[in-house]
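Only this structure's heavy atoms are used, side chains among them; waters, hydrogens and symmetry mates stay out.
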Amino acid sequence: QVQLVESGGGLVQAGGSLRLSCASSKGTFTVYAVGWFRQAPGKEREFVASISRNGASNDLADSAKGRFTISRDNVLKTVFLQMNSLEPDDTAVYYCAATAGSSTWTGRRVEDYRYWGQGTQVTVSS
């Protein structure tokens, strides 16, 4: 079992940047693919980005392409989401999630992931 803790959220002006971290405090981190999702008030949780357990494959939502980058450091047991050119529509609670998978597997669906963090708030002001 893995426990996930997100950090790095906060308040930023439009056009600014944030780097979110998803750290694993338990478990063998290298067996897990990790995804980032977000949920704005009144909306469903949606996919943002995912990365395979070996870091060789990643996937980004169309809204994230060209602005966000996902990466991982398996020594630090941490996955990062670098978010640039932030927009007010990026305001949401951001969650990381993990699930065991093949070395290059990534997933986009909420139901693909077994373990979830508590979330970190990102607020982008206009």
Side-chain angles (χ1 to χ4, degrees):
Q1 185 173 350
V2 63
Q3 291 184 347
L4 305 172
V5 179
E6 302 97 335
S7 62
L11 173 63
V12 64
Q13 289 187 330
S17 299
L18 285 173
R19 188 175 81 156
L20 305 184
S21 299
C22 173
S24 169
S25 60
K26 291 177 62 177
T28 305
F29 190 63
T30 52
V31 305
Y32 296 105
V34 174
W36 283 99
F37 294 78
R38 66 187 184 187
Q39 189 165 18
K43 295 187 177 181
E44 293 187 351
R45 193 167 297 190
E46 65 175 6
F47 169 75
V48 177
S50 60
I51 190 165
S52 62
R53 72 181 203 189
N54 66 2
S57 301
N58 65 76
D59 187 20
L60 293 169
D62 287 345
S63 60
K65 289 178 181 177
R67 302 188 300 130
F68 296 1
T69 303
I70 187 170
S71 61
R72 68 188 294 160
D73 186 326
N74 283 341
V75 174
L76 295 177
K77 296 185 178 181
T78 302
V79 169
F80 302 98
L81 183 68
Q82 178 67 45
M83 305 188 296
N84 300 326
S85 301
L86 284 162
E87 304 167 352
D89 283 349
D90 295 316
T91 295
V93 177
Y94 283 70
Y95 299 90
C96 69
T99 197
S102 66
S103 59
T104 58
W105 178 88
T106 62
R108 284 186 163 225
R109 303 179 306 167
V110 169
E111 54 265 37
D112 287 338
Y113 293 87
R114 181 174 182 181
Y115 304 105
W116 291 80
Q118 294 300 306
T120 185
Q121 176 70 46
V122 171
T123 303
V124 184
S125 63
S126 58

Please tell me if the side chains of Tyr113 and Ser50 come closer than 4.5 Å, counting only heavy atoms from C-beta onward. yes
Any donor-acceptor N/O pair, Glu6 side chain to Gln118 backbone, under 3.5 Å: yes
To the nearest 0.5 Å, what is the distance between OG1 on Thr28 and NZ on Lys77? 6.5 Å
To the nearest 0.5 Å, atom CD of Gln13 lies from atom OG of Ser125 at 5.0 Å
Measuring only between side-chain heavy atoms, which start at C-beta, is Trp36 closer than 4.5 Å to Cys96? yes
Supply the atom-to-atom distance Ser102 OG to Asn54 CG, rounded to the nearest 0.5 angstrom. 8.5 Å
Tyr115 side chain near Tyr32 side chain, heavy-atom distance below 4.5 Å: yes
Over all atoms of both residues, closest heavy-atom pair of Ser126 and Ala14: CA-CB, 4.4 Å
Minimum heavy-atom distance Val75-Asp73, with the two atoms named: N-OD1, 3.0 Å
If you look only at pairs with a residue in residues 27-40, which of them pass as a salt bridge (Lys or Arg N to Asp or Glu O under 4.0 Å), with sequence neighbours excluded? Arg38-Glu46, Arg38-Asp90
Arg53 side-chain N/O to Trp105 backbone N/O, donor-acceptor pair under 3.5 Å: no
Check step by step if side chain to side chain contact (heavy atoms under 4.5 Å, CB included) holds for Gln1 and Arg114. CA-CA 10 Å; Gln1 185 173 350; Arg114 181 174 182 181; over 6 Å; no
Distance-minimising heavy-atom pair for Cys22 and Val34: SG-CG1, 4.4 Å
Could you tell me which non-hydrogen atom of Asn84 sits nearest to which non-hydrogen atom of Ser17, and how far apart they are? OD1-OG, 2.9 Å
Just verifying a value: how many Å separate Thr78 OG1 and Leu20 CG, rounded to the nearest 0.5 Å? 12.5 Å
For Val122 and Met83, what are the C-alpha separation, side-chain angles and deciding distance, and is it a side chain to side chain contact (heavy atoms under 4.5 Å, CB included)? CA-CA 10 Å; Val122 171; Met83 305 188 296; 4.0 Å; yes
Does the cation-pi check pass for Arg45 over Phe37, that is, NZ or CZ under 6.0 Å from the six-membered ring centre and within 45° of its axis? no
Taking the side chain from Arg108 and the backbone from Leu60, do they hold a donor-acceptor pair closer than 3.5 Å? yes
Apply the test side chain to side chain contact (heavy atoms under 4.5 Å, CB included) to residues Thr91 and Gln121: give CA-CA distance (whole Å), side-chain angles for both, the deciding distance (0.1 Å), then the verdict. CA-CA 8 Å; Thr91 295; Gln121 176 70 46; 4.1 Å; yes
Separation between CG (Leu18) and CG (Leu81), nearest 0.5 Å, reads 9.5 Å
From CA spacing to verdict: side chain to side chain contact (heavy atoms under 4.5 Å, CB included), Trp116, Thr99: CA-CA 9 Å; Trp116 291 80; Thr99 197; over 6 Å; no
Is there a side-chain contact between Tyr95 and Val110 in this structure, where contact means two heavy atoms from C-beta onward sitting under 4.5 Å apart? no
Return the minimal non-hydrogen interatomic distance between Ser24 and Val2, and the atom names on each side. OG-CG2, 3.0 Å
More than 12 heavy atoms of other residues, nucleotides or ligands under 6.0 Å from CD of Glu111: yes or no? yes
Look up atom CG in Asp112 and atom CZ in Phe47, then write down how far apart they are to the nearest 0.5 Å. 9.5 Å
